[in-house]
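Side chains are part of it too, since the values below use all heavy atoms of this structure and drop only hydrogens, waters and symmetry mates. In what follows, chains carry the letters A, B, and so on, assigned in the order in which the sequence lines appear, proteins first and then strands, with residues in each chain numbered from 1.
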Amino acid sequence: MTVRTRFAPSPTGYLHIGGARTALFCWLYARHHHGQFILRIEDTDRERSTPEAVQAILDGIAWLGMKEDEGPFYQTQHFERYREVAQKLLNARHAYHCYCSKEELEQMRNEQLARKQKPRYDGRCRTHPVSRAGVQPVIRFKNPQSGQTTVNDLVRGRVVFENSELDDLIIARSDGTPTYNFTVVVDDMDMHITHVIRGDDHLNNTPRQINIFNALGAKPPEYAHLPMILGPDGAKLSKRHGAVSVMQYREDGYLPEAVINYLVRLGWSHGDQEIFTREEMIRFFDIADVNKSASAINPDKLLWLNQHYIKSGDPDRLAAELGWHLMRIGITVTDTVKLAAVVRAQAERARTLKEMAEASRFFFEEFTDYDAKAAVKNFTVETLPALREIRARLAAIEEWSAPAIHRVLEGTVAALGVKLGKVAQPVRVAVSGGGVSPPIDVTLELLGRECSLRRLDRAIGWIETGRS
RNA sequence: GCUCCCUUCGUCUAGAGGCCUAGGACGGAGCCCUCUCAAGGCUUAAACACCGGUUCGAAUCCGGUAGGGAGCGCCA
């Protein structure tokens with residue numbers, strides 16, 4: 001039997017890190033077993049589902065590179081099927097109509113809570129459904145009242161639930177629309193899902209779903225409940241910390257491979273290995289190696305991974321991303337060769353592409369002011385001779401390249417009898433406007449002769465006139 | 001309240017009775033390298049929640065305690 005997994009988000013918000021991790025594990029498991037990964041949108045809550053959220057989820061999945069093999073399917077398109085299955089359950093006396101009003105239910109719940117009992121439906125319509133004029137009944141599933149239901153969870157192990165703890169859940173609302181625990185079962189059954197991999201907030205729903213499978217005469221799938229993902233402070237993930245759309249990560253300058261690599265290590269491990277190529281993840285992934293306990297997001301580690309991928313990634317590909325980030329801060333660059341060269345020069349000093357774009361502005365546009373501290377420190381009467389000397393020597397260079405520039409730098413240093421830093425740093429401030437840049441020879445090469453000389457002249461003038 | 005789940009360095013984790021004076025990674029600290037910032041190299045601090053039991057021997061097995069979480073909707 002080929003493995004079939006599904007990722008089934010409800011489109012009520014964006015795809016956040018938790019959902020992305022669940023999708024990743026489903027995707028990896030399917031890929032590992034040469035099976036299918038199915039995308040199913042659980043949009044039966046028409047009040048809260050939005051097309052924007054659907055799109056955001058699709059975009060997120062695509063950005064992370066988890067292409068679905070089937071779907072996306074929409075539950076709202078399966079209403080006929082749910083009705084049919086509900087009717088089947090009704091006919092087989094595995095479900096019944098319930099005419100209890102919401103008020104009645106509410107009262108029941110309050111009384112049970114007051115008695116310190118677990119709130120649940122008491123089954124009053126189960127045996128004697130009293131139809132009431134004008135009341136559209138809901139359909140309830142007749143849950144077994146005795147015995148136990150066992151979930152042989154692939155990550156939790158054997159979890160046993162007393163059926164007496166479960167009540168008769170509503171599978172169809174009074175308006176005829178189906179509810180979650182029912183649609184999940186029908187779809188998982190119809191789509192021949194073999195492994196349900198989902199967040200562990202669903203563990204408690206599992207025995208109910210298994211009972212519905214049983215009533216339908218269908219074999220339940222295997223289940224694997226993943227531990228939660230917590231915010232950096234160990235608190236539940238919320239909009240405040242971490243629960244942003246995965247697309248926000250792109251905007252913040254992260255690479256999808258870094259996000260995926262970060263996510264795969266949240267709750268899963270393969271010995272001590274930290275860096276995984278996509279192929280390795282697929283090859284090594286196994287639910288048996290998934291952890292039971294919740295894990296907190298560690299932004300620093302994500303940053304570290306991101307830089308790793310920036311350093312090791314293909315500069316030409318990264319160049320396009322850098323161009324995108326530059327554009328977002330108002331700089332349009334069409335020279336992809338230069339972009340790639342900047343990526344090479346900046347890779348080891350940028351943790352995100354966004355940082356890289358910000359640190360690379362001076363390569364593409366003129367800066368207005370010098371960084372005050374850097375100017376005070378490096379633009380002095382003492383550095384003026386060095387600046388003039390290097391300016392003159394640079395102007396005479398035949399081939400404008402980093403190695404040639406480096407030789408000039410060393411020649412200048414030797415002639416002046418000072419340390420390299422005494423010359424390099426003032427030059428750096430002169431051409432970049434600040435105290436930070438890639439190695440000065442590389443920086444000058446990238447800037448080009450004309451620009452470098454012009455900025456050097458500007459700096460010399462600035463010092464001569466006592467700041468301008 | 002009831003049911004279910006979880007518990008190794010700050011964080012992610014290795015560990016499936018002796019290989020553990022508990023390993024790796026991020027982050028931290030220190031040193032080295034160095035034209036800035038980084039990157040890199042080396043070193044280092046830092047954890048088995050607690051209490052009992054089983055065993056010659058327990059981070060690993062069992063029980064309890066504590067703490068955390070989830071669920072208990074005509075939401076998904």
Side-chain angles (χ1 to χ4, degrees), chain A residues 8-12 42-45 47-49 75 98 100-102 105-106 109 112-121 136-140 151 153 156-157 159-162 164-167 169-175 177-181 183-184 199-207 225 227-228 230 232-234 236 262 265-275 291-305 307 311 346-351 359 374 378 406 409 413 419-429 432 434-441 443:
Chain A
S10 64
T12 51
E42 309 216 323
D43 54 353
T44 52
D45 183 349
E47 300 284 299
R48 299 194 296 157
S49 299
Q75 291 196 316
C98 169
C100 296
S101 66
K102 288 186 181 179
L105 261 18
E106 181 63 28
R109 199 185 334 276
Q112 287 162 330
L113 249 17
R115 267 180 273 136
K116 296 185 187 295
Q117 290 178 338
K118 182 180 193 169
R120 73 238 281 205
Y121 181 62
Q136 278 300 314
V138 298
I139 300 174
R140 283 185 187 273
V151 181
D153 194 90
R156 307 284 150 155
V159 183
V160 181
F161 293 85
E162 292 295 330
S164 56
E165 288 294 331
L166 278 19
D167 64 358
L169 69 153
I170 290 171
I171 59 175
R173 305 180 179 97
S174 40
D175 66 0
T177 58
T179 59
Y180 171 73
N181 280 110
T183 59
V184 169
D200 75 2
D201 47 333
H202 289 291
L203 184 55
N204 287 294
N205 285 325
T206 310
H225 288 93
M228 293 205 76
L230 277 16
D233 58 356
K236 190 181 170 185
Y262 179 71
R265 286 286 290 100
L266 229 41
W268 175 82
S269 60
H270 181 70
D272 286 336
Q273 190 168 342
E274 295 288 351
I275 308 287
N291 263 198
K292 290 180 168 75
S293 49
S295 40
I297 289 175
N298 182 346
D300 285 328
K301 189 164 180 181
L302 208 209
L303 244 14
W304 170 72
L305 275 166
Q307 179 162 47
K311 285 190 296 181
Q346 298 275 226
E348 62 195 28
R349 70 205 85 236
R351 294 183 303 177
N378 296 287
H406 194 76
L409 212 49
V413 165
K419 297 225 276 192
L420 188 54
K422 284 289 175 205
V423 179
Q425 200 55 12
V427 173
R428 170 170 286 112
V429 179
S432 76
V436 177
S437 88
I440 199 63
D441 48 357
T443 299

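- Looking at Glu274(A), its side chain comes within 3.5 Å of the base of rG24(B) through a donor and an acceptor atom.
- Using a 4.0 Å heavy-atom distance criterion, Lys116(A) is classed as a sugar-phosphate-only contact.
- Side-chain contact between Arg156(A) and Asp200(A) is present, with at least one heavy-atom pair separated by less than 4.5 Å.
- Phosphate proximity of rA76(B) to Thr44(A): present, with a side-chain N or O under 4.0 Å from OP1 or OP2.
- When distances run from any side-chain atom of Leu420(A) to the nucleotides rC35(B), rC74(B), rG71(B), the shortest one goes to rC35(B).
- In this structure, Ala424(A) and Leu203(A) both approach RNA chain B, and ranking their closest nucleotides by distance from the 5' end singles out Leu203(A).
- The separation between Asp300(A) atom CG and rU13(B) atom P is 16 Å, rounded to whole Å.
- OP1 or OP2 of rA70(B) lies within a sub-4.0 Å distance of a side-chain N or O belonging to Lys236(A).
- Spacing of C1' atoms, rU7(B) relative to rC48(B), comes out at 10 Å, to the nearest Å.
- Here Tyr262(A) lies out of heavy-atom contact (under 4.0 Å) with every strand.
- Note on Leu266(A): only backbone sugar-phosphate atoms sit closer than 4.0 angstrom, heavy atoms only; bases stay farther off.
- Between rU36(B) and rG23(B), the distance separating the two P atoms is 36 Å to the nearest Å.
- Counting any heavy atom pair closer than 4.0 Å across all strands shown, Lys311(A) reaches sugar-phosphate atoms only and no base atom.
- Within the nucleic acid shown, Pro9(A) has no heavy atom closer than 4.0 Å to any nucleic acid atom.
- If you take CD of Gln307(A) and C1' of rA39(B), they are 7 Å apart, rounded to a whole angstrom.
- Taking atom CZ of residue Arg265(A) and atom P of nucleotide rU13(B), one finds them 7 Å apart after rounding to whole Å.
- Nearest nucleotide to the Pro119(A) side chain, out of rC6(B), rC4(B), rC72(B): rC72(B).
- With contacts defined as side-chain heavy-atom distances shorter than 4.5 Å, the pair Ile171(A)/Asn181(A) does not qualify.
- The minimum heavy-atom distance between Val138(A) and Ser174(A), with the atom names listed, is CG1-N, 3.5 Å.
- For rC72(B), the paired nucleotide is rG1(B), the pair qualifying as Watson-Crick or G-U wobble because both relevant distances are below 3.5 Å.
- Ser295(A) contributes no side-chain N or O that forms a donor-acceptor pair with the base of rC12(B) under 3.5 Å.
- Nucleotides rA22(B) and rA58(B) have their C1' atoms positioned 13 Å apart, rounded to a whole Å.
- Atom CD in Glu162(A) sits roughly 16 Å away from atom P in rC2(B) (whole-Å rounding).
- Here the separation of rG64(B) from rU54(B), taken at their C1' atoms, is 15 Å to the nearest Å.
- Protein atom CD of Gln273(A) is 16 Å distant from nucleotide atom C1' of rG23(B), rounded to whole Å.
- Applying the salt bridge (Lys or Arg N to Asp or Glu O under 4.0 Å) criterion to Lys118(A), with sequence neighbours excluded, gives Glu165(A).
- Ranking rA76(B), rU13(B), rG69(B) by closeness to the Ser269(A) side chain, first place goes to rU13(B).
- OP1 or OP2 of rC6(B) has not a single side-chain nitrogen or oxygen of Arg156(A) nearer than 4.0 Å.
- In this structure, Lys292(A) reaches the sugar-phosphate backbone alone: every heavy-atom distance under 4.0 Å involves primed, P, OP1 or OP2 atoms, never a base.
- With a cut-off of 3.5 Å on both pairing distances, the Watson-Crick or G-U wobble partner of rU65(B) is rA49(B).
- Within 4.0 Å (heavy atoms only), Asp175(A) reaches no atom of the nucleic acid at all.
- With a cut-off of 3.5 Å on both pairing distances, the Watson-Crick or G-U wobble partner of rA29(B) is rU43(B).
- Side-chain contact of Arg428(A) with Gln425(A): a donor-acceptor pair under 3.5 Å is present, judged by distance alone.
- When heavy atoms are screened at a 4.0 angstrom cut-off, Gln117(A) is found touching base atoms of the nucleic acid.
- With hydrogens and angles ignored, a donor-acceptor pair under 3.5 angstrom links the side chain of Asp272(A) to the base of rG23(B).
- A straight line from CH2 of Trp268(A) to C1' of rU13(B) spans 12 Å, rounded to a whole angstrom.
- Side chain Arg428(A) to base rC35(B): a donor-acceptor pair is found below 3.5 Å.
- Nucleotides rA25(B) and rA45(B), compared at atom P, are 14 Å apart to the nearest Å.
- Comparing Arg349(A) and Gly267(A) by the nucleotide of RNA chain B whose heavy atom lies nearest to each, the residue mapping closer to the 5' end is Gly267(A).
- Of the N and O atoms on the side chains of Ser437(A) and Thr443(A), at least one donor lies less than 3.5 Å from an acceptor on the other residue.
- Side-chain proximity of Glu42(A) to rG10(B), rC74(B), rA76(B): nearest is rA76(B).
- With hydrogens and angles ignored, a donor-acceptor pair under 3.5 angstrom links the side chain of Asn204(A) to the base of rA70(B).
- Regarding Ile170(A), its CD1 atom lies at a distance of 4 Å from the P atom of rC74(B), rounded to whole Å.
- Taking the C1' atom of each, rU13(B) and rU8(B) are spaced 9 Å apart, rounded to whole Å.
- Here the side chains of Thr206(A) and His225(A) are in contact, with some heavy-atom distance below 4.5 Å.
- Separation of atoms SG (Cys98(A)) and CD1 (Ile170(A)) is listed at 6.5 Å; rounding is to 0.5 Å.
- As rounded to whole Å, 12 Å separates atom P of rC5(B) from atom CD of Glu165(A).
- In the set rA76(B), rC74(B), rU3(B), the nucleotide with an atom closest to the side chain of Val138(A) is rC74(B).
- Proximity note for Val159(A) (side chain, C-beta onward) versus rC5(B), rC74(B), rA76(B): the nearest is rC5(B).
- The residue Arg115(A) sits apart from the nucleic acid: no heavy atom pair falls under 4.0 Å.
- Closest contact between the side chain of His202(A) and the listed nucleotides rA76(B), rC35(B), rA70(B) involves rA76(B).
- Nucleic acid contact class of Asn205(A) (heavy atoms, under 4.0 Å, all strands): base.
- Two residues are said to be in side-chain contact when any heavy atoms from C-beta on lie closer than 4.5 Å; Ser293(A) and Pro227(A) fail this criterion.
- The P atoms of rA47(B) and rC9(B) are separated by 9 Å, rounded to the nearest whole Å.
- A 3.5 Å limit on both hydrogen-bonding distances identifies no Watson-Crick or G-U partner for rU54(B).
- Trp304(A) and Ile275(A) get closest at one heavy-atom pair: CH2-CD1, 4.0 Å.
- Taking atom C1' on both nucleotides, rC61(B) is separated from rA70(B) by 27 Å, rounded to a whole Å.
- Distances shown here put every side-chain N or O of Ser437(A) at or beyond 4.0 Å from the OP1 or OP2 atom of rC37(B).
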